[in-house]
Amino acid sequence: MSTTTDALSDVVSTLKAGESFYSDAKEKANSSELKSVFAEMERTRKEAIGDLEHFIEKRGDDAPSASWSEQAKASYTSAMEFFKDRDNDASLLAKLEEHEDRTLEAFRGALNDVKNDEARSKLNEHLQTFQDTHARMKSLKDQHVDA
């Protein structure tokens with residue numbers, strides 16, 4: 001695999017973990033408003049995963065392998081341990097906002113590693129979306145801390 005594919009696969013792995021986080025958070029949230037937001041965040045990740053995996057395959061490389069999925073699952077399992085015995089929305093928002101931080105780090109790290117202009121453009125396109133999701137999650141977290 002190329003450096004570009006490795007970097008994109010790391011981003012996909014992070015997004016897959018986030019998709020799982022939001023799916024589970026959607027089930028645990030007490031607020032119907034948050035359930036809706038979490039469902040939207042889950043869909044956003046699913047769309048980005050599909051787009052990036054398609055881009056990887058279009059380049060002639062393989063989509064992220066099971067090892068990438070296993071890394072995402074391990075990250076997900078670790079975060080779910082935090083959720084155990086914490087069913088309040090503020091705890092969910094705090095942990096999800098931390099994941100938003102990791103998502104931005106993954107995109108920025110990939111941008112540092114990728115030299116291919118088309119791949120950089122694709123990453124920048126999605127980075128803007130995830131900067132927006134991060135800002136939204138931070139705002140929700142701050143609202144629930146003050147509540």
Side-chain angles (χ1 to χ4, degrees), residues 1-29 31 33-83 86 89-146:
M1 253 194 266
S2 70
T3 301
T4 296
T5 300
D6 285 344
L8 292 172
S9 294
D10 284 344
V11 171
V12 168
S13 178
T14 301
L15 291 172
K16 284 182 178 183
E19 179 185 12
S20 295
F21 293 159
Y22 279 108
S23 176
D24 204 51
K26 176 179 66 181
E27 300 304 319
K28 292 181 184 269
S31 157
E33 175 192 358
L34 287 180
K35 287 179 185 288
S36 177
V37 169
F38 294 163
E40 181 184 335
M41 297 288 196
E42 179 184 11
R43 277 189 308 276
T44 299
R45 278 153 182 76
K46 189 175 290 200
E47 290 168 4
I49 291 165
D51 186 44
L52 291 171
E53 285 181 338
H54 177 74
F55 180 79
I56 291 167
E57 291 167 357
K58 187 176 86 173
R59 287 175 40 87
D61 293 325
D62 293 328
S65 67
S67 64
W68 296 109
S69 296
E70 288 304 312
Q71 287 178 2
K73 185 175 182 178
S75 179
Y76 168 75
T77 301
S78 172
M80 292 325 300
E81 285 301 312
F82 176 84
F83 288 151
R86 289 178 176 87
D89 291 343
S91 294
L92 289 172
L93 288 166
K95 202 62 178 171
L96 290 167
E97 197 263 336
E98 288 176 19
H99 179 74
E100 292 287 340
D101 290 340
R102 286 191 300 279
T103 300
L104 292 179
E105 287 173 20
F107 272 94
R108 290 177 181 137
L111 282 165
N112 285 333
D113 294 340
V114 170
K115 305 302 179 221
N116 175 285
D117 289 338
E118 189 179 7
R120 289 182 63 76
S121 176
K122 181 66 67 179
L123 286 166
N124 275 314
E125 172 187 323
H126 287 291
L127 176 60
Q128 181 59 54
T129 298
F130 290 102
Q131 287 173 329
D132 294 344
T133 65
H134 178 273
R136 186 170 183 194
M137 194 56 50
K138 181 172 179 1
S139 175
L140 286 168
K141 181 190 83 169
D142 291 346
Q143 289 171 18
H144 277 77
V145 167
D146 293 338

Where is the tightest heavy-atom contact between [X] and [Y], given as atom of each residue plus distance?
{"X": "T14", "Y": "A106", "value": "OG1-CB, 3.7 Å"}
{"X": "E97", "Y": "H134", "value": "OE2-NE2, 3.1 Å"}
{"X": "E100", "Y": "T133", "value": "OE1-OG1, 2.8 Å"}
{"X": "D113", "Y": "A7", "value": "CB-CB, 4.2 Å"}
{"X": "A29", "Y": "F38", "value": "CB-CE1, 3.8 Å"}

Sidechain N-carboxylate O distance under 4.0 Å for E42, K35: no
With a 4.0 Å cut-off, would you call K58 and E118 a salt bridge? yes
If we only count heavy atoms from C-beta on, is the E47 to T129 side-chain gap below 4.5 Å? no
Any side-chain heavy atom of K95 sitting closer than 4.5 Å to one from H99? no
My understanding is that only one of E19, E53, E40 makes a salt bridge (Lys or Arg N to Asp or Glu O under 4.0 Å) with K46; could you say which? E19
Donor on one side chain, acceptor on other, D132 and Q128, under 3.5 Å: yes
Spacing of [X] atom [atom1] and [Y] atom [atom2] [to the nearest 0.5 Å]:
{"X": "L140", "Y": "L92", "atom1": "CG", "atom2": "CG", "value": "12.0 Å"}
{"X": "R108", "Y": "E105", "atom1": "CZ", "atom2": "CD", "value": "8.5 Å"}
{"X": "L34", "Y": "Y22", "atom1": "CG", "atom2": "OH", "value": "10.5 Å"}
{"X": "L52", "Y": "D10", "atom1": "CG", "atom2": "CG", "value": "12.0 Å"}
{"X": "L127", "Y": "S121", "atom1": "CG", "atom2": "OG", "value": "11.5 Å"}
{"X": "R45", "Y": "S23", "atom1": "CZ", "atom2": "OG", "value": "12.0 Å"}

Look at the side chain of D89 and the backbone N and O of H144, then say whether any donor-acceptor pair between them is shorter than 3.5 Å. no
Within 6.0 Å of NZ in K26, more than 12 heavy atoms from elsewhere: yes
Heavy atoms of other groups near E33 CD, more than 12 under 6.0 Å: no
For L8, the option from T5, V11, T4 that meets side-chain contact (heavy atoms from CB on, under 4.5 Å): T4
Check D51, T103, T44 against H126 for a side chain to side chain donor-acceptor pair (under 3.5 Å) and give me the one that passes. D51
According to the interplanar angle, ranging from 0 to 90°, do the rings of F107 and F130 count as parallel (below 30°), tilted (30 to 60°) or perpendicular (above 60°)? parallel
